[in-house]
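Here is the structure we will look at, set down as structure tokens.
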Protein chains: 2
Amino acid sequence: MDFAVILDPESPTPLFRQLSAEWRQAVLTCRFAPGERVPSTRGLAELLGVSRTTVTQAYDELLAEGYFEARRGSGTYVCRELPERMLHARPGARKPETPPSNIRLSAYGRRLTAATGRRADHLAAHKAPAISFAHWTPDPRRLPLPAWQAAMTRALRESGPGIFDYQPDPGGYLPLREALASHLAKARGVRARAEDVVIVNGSQQAIDLSARLLVDPGDVVAFENPGYRGARLIFESWGARLAPAPVDSQGVIVSALPEEAKAIYITPSHQFPTGCVMSLARRLELIEWARRTGAAIIEDDYDSEFRYAGRPLPALQGIAGGANVIYLCSFSKVLFPGLRVGYMVAPHAVLERVKRAKWLVDRQTAWLEQVALAHFIADGHMASHIRRMRVSHGARRRALMAALDKHLAGRVRVMGDAAGLHVLIELLTDLDEQEVVRRAGEQGLGLMAASLYYLKPTFPF
Amino acid sequence: MDFAVILDPESPTPLFRQLSAEWRQAVLTCRFAPGERVPSTRGLAELLGVSRTTVTQAYDELLAEGYFEARRGSGTYVCRELPERMLHARPGARKPETPPSNIRLSAYGRRLTAATGRRADHLAAHKAPAISFAHWTPDPRRLPLPAWQAAMTRALRESGPGIFDYQPDPGGYLPLREALASHLAKARGVRARAEDVVIVNGSQQAIDLSARLLVDPGDVVAFENPGYRGARLIFESWGARLAPAPVDSQGVIVSALPEEAKAIYITPSHQFPTGCVMSLARRLELIEWARRTGAAIIEDDYDSEFRYAGRPLPALQGIAGGANVIYLCSFSKVLFPGLRVGYMVAPHAVLERVKRAKWLVDRQTAWLEQVALAHFIADGHMASHIRRMRVSHGARRRALMAALDKHLAGRVRVMGDAAGLHVLIELLTDLDEQEVVRRAGEQGLGLMAASLYYLKPTFPF
């Protein structure tokens, strides 16, 4: 237990009195709690580089004044019964410290309004309902916990001290990147070697790194409308002017995209939140648009693992041969969000900078989790978990559709039921959306309002 | 095993021929390796939403052409002996794919030159020497591995599914923040409640978040000269103009700081790389300077845990009562770098934005590690590890000083031996520094050249 104080040997006040004054302050401001043991005189003398006599004199004073109490054979403690009035504030009842500060924030800092943190509130609010349709979390009861714990334990046990050091490659653990490159080539048609994959902290960091490398304040970024709010807040934080890109049942309407856009953020496998799957024709059209305008396609391959009807379409990245596409995905939906592991693939010049930026911003993603993931995939747990979840999600989806058909036929229209973890329900009534969500909440049913995902046009065109 | 392809039912080419063409391409471009098993006809038919007959017809064609081979009773495989000339490239011998791209980078992206990643090379280069004086890694043989593995295993075992979800508070795991607030108050004089501590991915992310919130391109940031290169690269990546702040044995010379600086980055506990400890007088002077100019003090409390002489001085944050100081530290030196857990404390308005930015950039730091750290600290392992390491580092330091005194007396001057994990050795000779480092390397002795840490003045004043 350390106790760092400033003692001034030049001062006319003796050292022991300086020390006892510091202790009084420490006790009064609750830096030490009532009943807490204080350091031994020997230990504190060594720590402060003063004589033991100095500390003993200070302690004697504090004992006499009732700040400290001695217990026979067991040392010295902060007095348990300090007079109430002595304490400026009690632990747990202290007012928030908001020290004065005249720091000037950057434009980025000023753009971070309270609204930026709003999703955290949603999250908290949506923990409560008995039946939750929150879209961001797989059913916690179906997580493959024993297999995951075994993979983590194995990674912990097998790893030498090297795993606890900085890793030389900020791109991530190579066996995991090899497994991903192989999976992405076969399942998603993505063209990437292991070295072309970079492991990051979830798709959130992938989007942030993409925006960092592409967006200057004032740049136009085309953004699906409605679209994924988590991404939107990132682009806005970088000062992008978001151009709403309208979406129909085929995906983004490419002919409506602004020519001056520097990038487009897109969720083609299962558009968030409409749930539509981008058609091949639109994919080809978008790739041609990007080639012509020099825009980057930021392809968030969200929800690509779960399809219930129709054929899987290859990722834009593969169709485009990698050109102009930054491909990203994460394990949040397929495994669990708390894992915070995602990955990205990008054209060479961009990818090199992604790695440099990753090294600058936090060096590397949690390594043990990467090793465990590589085991988890190699041992077939990932594939069998996805298979099980595909069946489970499919059954839930059928139950939901049957219930909607039975109870609300003609009053709702369902979109996005061919893939992924959510559907969008359009109310064919005059009921106010917020009111429906509120009343469902009262019945223990957690719904998300889609209005949250519509852009107020920040960039008119 | 998935195989995503585009089949067009409108095309005049039959589906099975489209499928076999896709397979040929997949084999020729090594998306499937020779000898690899291919999906069953039933599985692929389901996946693609086509009839099983379509797949069987395609497979028959591929078997006849020698792309596939059947093995009795065990399914269909990519032929092991594909004619060499058929393969565009062989696995492991493929050229790097550098897909064409006309993406335009942001100013941030353009600033990320190859030099940004240079420290990774140093790291790799310094793995080799028999005796390494690399400053960034505690001795791997002295890591408290069993205790850490036990803490991680306990966190894994005791955690319910909740730990695998998003956490509502981007500030981090509250019991860990409580332990840190208590430790920081006692050992470092830092004024912070648990809610005022934010857990981030090492001090690297703490510095990046600070720069993000404070620095606009062109802003002047005062920077110790010499100073910590890892931080310098971050500020430069944000477009800061670094004003070299000269350092003497008392720390930064406050009177030499530019009035227009928006922030100063500083390592007062053990200045990197000179190793000097900032005096109390200078601390008070710096706090007054910040108050007057409105500059932020970014206090990197690097190496504060290990002191071998003199009294510990409280952190600037505590002396300033929290005003204008962003305090940051990490577990990289005290535990191990691969942990990627650090923490920061900041004035209220800044801290709220730190949390918002943290939520935007990657939601949260690896949670399991945070739970394990809280156990590790509560069980006393952290305190006893620091005690052991203080003794161990002290003994090594004495051995080094004795050896320098015995063999190089009068030819070197040693700085920074009162604290921390490194010393700076000034050569009182005409020898070229790079040459000394190179020749030491040949003898199996890893030294770091200090010249790397000097700023070339980018901002004249």
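Model, not experiment: these values are computed from the prediction. By convention in this document, chain letters (A, B, ...) are assigned in the order of the sequence lines, proteins followed by strands, and residues within each chain are numbered from 1.
With respect to chain B, the highest number of heavy-atom pairs below 4.5 Å among Val341(A), Leu214(A), Ile297(A) belongs to Leu214(A). Contact tally against chain B (heavy-atom pairs below 4.5 Å) for Thr153(A), Val354(A), Leu280(A), Asp219(A): the top residue is Leu280(A). Most heavy-atom pairs under 4.5 Å with chain B: of the set Ala211(A), Gly189(A), Gly202(A), Ala107(A), this distinction falls to Ala107(A).
Heavy atoms of Leu105(B) lying under 4.5 Å from chain A belong to its backbone as well as its side chain. Both the backbone and the side chain of Ile234(B) have a heavy atom closer than 4.5 Å to some heavy atom of chain A. Of the two parts of Leu351(B), neither the backbone nor the side chain holds a non-hydrogen atom closer than 4.5 Å to a non-hydrogen atom of chain A. Using a 4.5 Å cut-off between heavy atoms, Val215(A) contacts chain B through its backbone alone, with no side-chain atom that close. Residue Ala290(A) touches chain B through its backbone alone, counting heavy-atom pairs closer than 4.5 Å. For Ala366(B), the part sitting under 4.5 Å from any heavy atom of chain A is the side chain, from C-beta outward, and nothing else. Residue contact with chain B, scored on non-hydrogen atoms closer than 4.5 Å, involves the side chain of Glu369(A) exclusively. For Leu143(A), the part sitting under 4.5 Å from any heavy atom of chain B is the side chain, from C-beta outward, and nothing else. Looking at Ile319(A), only its side chain comes within 4.5 Å of chain B, counting heavy atoms on both sides. With a threshold of 4.5 angstrom between heavy atoms, Leu145(A) approaches chain B through side-chain atoms but not through N, CA, C or O. At a 4.5 Å heavy-atom cutoff, Arg141(B) makes no contact with chain A through either its backbone or its side chain. With a 4.5 Å cut-off on non-hydrogen atoms, Arg340(B) touches chain A through its side chain but not through its backbone. Contacts between Leu368(A) and chain B at a heavy-atom distance below 4.5 Å involve the side chain alone, from C-beta outward. Asp208(B) touches chain A through its side chain: at least one heavy atom from C-beta onward sits under 4.5 Å away, while N, CA, C and O do not. Interface remark: Thr293(A) contributes backbone atoms only to the contact with chain B (heavy atom separation under 4.5 Å).
Here the straight-line distance linking atom OG of Ser182(A) with atom CD of Glu36(B) works out to 6.0 Å at 0.5 Å rounding. The CE atom of Met152(B) sits 14.0 Å away from atom CZ of Arg157(A), with the distance rounded to the nearest 0.5 Å. If you take OH on Tyr166(A) and CG on Leu339(B), they are separated by 10.5 Å, rounding to the nearest 0.5 Å. Of the inter-residue distances, the one linking Leu360(B) atom CG with Gln204(A) atom CD reads 6.5 Å to the nearest 0.5 angstrom. Atoms CG and CD1, on Leu213(A) and Ile103(B) in that order, are 10.0 Å from each other to the nearest 0.5 Å. The structure places CZ of Arg353(B) at 9.5 Å from OG of Ser106(A), a figure rounded to the nearest 0.5 Å.
Minimum interatomic distance between Arg110(B) and Asp216(A) (heavy atoms only, all atoms of both residues): NH1-OD2, 4.3 Å. Of all heavy-atom pairs spanning Asn324(B) and Ser101(A), the tightest one is OD1-CA, 3.1 Å.
Using bins of under 30°, 30° to 60° and over 60° for the plane-to-plane angle, the ring pair Trp238(B)/Trp238(A) lands in the parallel bin.
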Item to complete: Would you please test Thr365(B) and Asp362(A) for side chain to side chain contact (heavy atoms under 4.5 Å, CB included) and show each step?
Response: CA-CA 11 Å; Thr365(B) 291; Asp362(A) 65 1; over 6 Å; no
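Scored by the ring-ring contact (aromatic ring centres under 6.0 Å, His included) test, Phe336(B) finds Phe164(A), Trp148(B) as partners (sequence neighbours excluded).
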